[in-house]
Amino acid sequence: MNNSDLSRRKDDHLDIVLDRHKAASRISAGWSAVQFEHCALPELDHAAIDLRASLLGVTLQAPLLISSMTGGADRSEAINRHLAEAAQELGIAMGVGSQRVSLQTGNDQGLTRELRRLAPDIVLLSNIGAAQLLEADGLDLARRAVDTLQANGLIIHLNPLQEAVQAEGDRDWRGVLRQIERVASSLDVPVVVKEVGAGLSAAVARSLVEAGVQVIDVAGAGGTSWAAVEGERAANQADRAVAMAFADWGIPTASAVQAIREALPQATLIASGGIRDGVDAAKAIRLGADIVGQAAGALPGATLSTEAVIEHFQIVIRQLRTACFCTASANLAALRHAPLLTGQA
């Protein structure tokens with residue numbers, strides 16, 4: 001695939017994800033099945049609730065990650081600038097979208113050290129696809145992804161379903177785990193591995209941790225369905241039919257968080273996939289997540305301005321704080337033990 005085709009594909013992805021009716025998974029992330037027991041007498045000062053968290057040794061003012069987004073070259077620079085400035089202002093983390101296009105073409109999409117200049121204090125995560133690690137220069141690509149951004153860590157994203165239903169997808173995944181292990185042992189920064197919306201099982205998460213991966217992002221089903229996205233951009237009915245059959249495929253985020261936390265009690269765990277608001281974020285933390293990621297929910301604001309992104313996440317933070325208040329949780333450690341209604345996890 002040539003460089004212009006890659007950029008056009010990313011631009012198509014952005015258009016489709018912005019239309020939530022086209023991109024949404026047909027299954028629930030599972031948050032509606034989790035209900036907190038309301039505390040009518042919290043004995044707390046709402047303003048004093050401590051939402052601070054830690055990721056890769058850096059303190060965040062709230063347990064939030066602006067998750068990876070994708071886009072074509074013409075729009076990505078502004079989007080990334082808005083996201084970075086907002087993350088810096090709010091004291092939260094940011095992961096960029098796939099750097100494949102910017103690293104393999106002459107168009108950097110705003111994914112340069114300028115991003116670090118705009119957000120000098122945040123946890124900034126670079127990003128490369130697992131399939132790209134199988135290329136001859138895969139390790140070099142991973143190193144360049146980190147160096148280009150002066151990133152705190154590298155996200156390696158797993159998207160086998162998307163690649164399988166994409167007409168131009170990479171379908172030979174033999175040796176991917178071995179390459180992830182190689183990258184994890186070679187880089188000077190931690191490696192984060194995430195799915196892109198179909199979820200990670202406990203067994204896969206365990207194999208990744210054993211390979212040296214330091215952070216797991218479940219990126220479960222219930223948010224954006226990349227099978228549906230590829231179905232929307234399919235060039236013919238056969239490709240569309242194959243992709244759309246998987247619009248309800250995957251492990252719901254709530255289920256993935258619970259299973260991985262039970263299997264790996266010491267792992268650093270990010271919950272993303274279908275996080276609609278701060279109440280969902282609170283539920284994810286209660287089920288075992290350390291950090292909560294959101295992408296599609298923040299994307300409309302990111303196309304507009306830094307202020308729009310800040311306003312969006314300020315609302316999420318207020319919602320999360322109120323969930324803590326109404327469960328009598330003075331901090332996130334207390335929230336992890338907040339009572340749920342009888343019969344729930």
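What you see below is based on every heavy atom in this structure, not just the backbone, and it leaves out hydrogens, waters and symmetry mates.
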Within this structure, what is the [atom1]-[atom2] distance for the pair [X] and [Y], rounded to the nearest 0.5 Å?
| X | Y | atom1 | atom2 | result |
| --- | --- | --- | --- | --- |
| R116 | S126 | CZ | OG | 10.0 Å |
| S67 | I270 | OG | CD1 | 7.5 Å |
| K194 | L208 | NZ | CG | 14.0 Å |
| Q258 | I260 | CD | CD1 | 11.0 Å |
| L200 | I251 | CG | CD1 | 7.0 Å |
| S272 | L64 | OG | CG | 12.0 Å |

Answer yes if [X] and [Y] sit in the same cluster of Ile, Leu, Val, Met, Phe, Trp and Tyr residues linked by side chain heavy atoms under 4.5 Å apart, and no otherwise.
| X | Y | value |
| --- | --- | --- |
| L141 | V196 | yes |
| V218 | L264 | yes |
| I275 | L90 | yes |
| V183 | V213 | yes |
| L55 | I92 | no |

Step-by-step side chain to side chain contact (heavy atoms under 4.5 Å, CB included) determination, W226 to N159: CA-CA 9 Å; W226 286 97; N159 62 336; over 6 Å; no
Just wondering, do [Y] and [X] contact through their side chains at under 4.5 Å, heavy atoms?
| X | Y | answer |
| --- | --- | --- |
| D217 | I155 | no |
| D170 | Q132 | yes |
| C324 | L51 | yes |
| R52 | Q61 | yes |
| D50 | L332 | no |
| L340 | F36 | yes |
| P63 | L320 | yes |

Side-chain donor or acceptor of [X] paired with backbone N/O of [Y] under 3.5 Å:
| X | Y | result |
| --- | --- | --- |
| R100 | G129 | no |
| S54 | T59 | no |
| S329 | N331 | no |
| W31 | S28 | no |
| N152 | L125 | no |
| D248 | R26 | no |
| R171 | Q166 | yes |

Run the side chain to side chain contact (heavy atoms under 4.5 Å, CB included) test on I79 and T303 for me, step by step, so that the C-alpha distance in whole Å, both residues' side-chain angles and the decisive distance to 0.1 Å come before the verdict. CA-CA 6 Å; I79 288 172; T303 65; 4.1 Å; yes
Quick one: side chain to side chain donor-acceptor pair (under 3.5 Å) pairs with a partner in residues 174-185, sequence neighbours left out?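 Listed by first then second residue: D172-R174.
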Do other residues, nucleotides or ligands put more than 12 heavy atoms under 6.0 Å from Q88 CD?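 Result for CD/Q88: enclosed.
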Verdict with reasoning, E37 to R286, per salt bridge (charged side-chain N to carboxylate O under 4.0 Å, His left out): CA-CA 12 Å; E37 180 181 277; R286 173 60 179 82; over 6 Å; no
List for me each residue that meets ring-ring contact (aromatic ring centres under 6.0 Å, His included) alongside H38, sequence neighbours excluded, and say none if there are none.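 Residues passing ring-ring contact (aromatic ring centres under 6.0 Å, His included) with H38: none at all.
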Could you give the side-chain donor-acceptor pairs of residues 306-316 under 3.5 Å, partners two or more places apart or in another chain?
unit_1	atom_1	unit_2	atom_2	d
T306	OG1	E85	OE1	2.4
H312	NE2	Q294	OE1	2.6

Closest non-hydrogen atom pair, [X] against [Y]:
| X | Y | value |
| --- | --- | --- |
| S186 | R143 | CB-NH2, 3.8 Å |
| A302 | L83 | CB-CD2, 3.7 Å |
| A221 | W249 | CB-O, 3.9 Å |
| V176 | A130 | CG1-CB, 3.8 Å |
| A243 | A227 | CB-O, 3.4 Å |
| S207 | V204 | OG-O, 2.7 Å |

What residues form a side chain to side chain donor-acceptor pair (under 3.5 Å) with R276, not counting sequence neighbours?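 Scan of R276 (side chain to side chain donor-acceptor pair (under 3.5 Å), adjacent residues dropped) gives D280.
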Contacts of R318 that satisfy side-chain contact (heavy atoms from CB on, under 4.5 Å) - sequence neighbours left out: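 Testing R318 for side-chain contact (heavy atoms from CB on, under 4.5 Å), a comparison that skips the adjacent residues, returns none.
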L269 and R261: side chain to side chain contact (heavy atoms under 4.5 Å, CB included), yes or no, with the steps? CA-CA 8 Å; L269 189 58; R261 176 52 73 212; 3.4 Å; yes
Indicate whether any N or O donor in one side chain lies under 3.5 Å from an N or O acceptor in the other, for T268 and D290.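 Absent: no donor and acceptor within the cut-off.
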Hey, mind stepping through L149 and Q99 against side chain to side chain contact (heavy atoms under 4.5 Å, CB included) and telling me if it holds? CA-CA 10 Å; L149 300 184; Q99 292 171 259; 3.7 Å; yes
Which residues share a salt bridge (charged side-chain N to carboxylate O under 4.0 Å, His left out) with R206, sequence neighbours left out: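 In terms of salt bridge (charged side-chain N to carboxylate O under 4.0 Å, His left out), with neighbours along the sequence ignored, R206 is linked to no residue.
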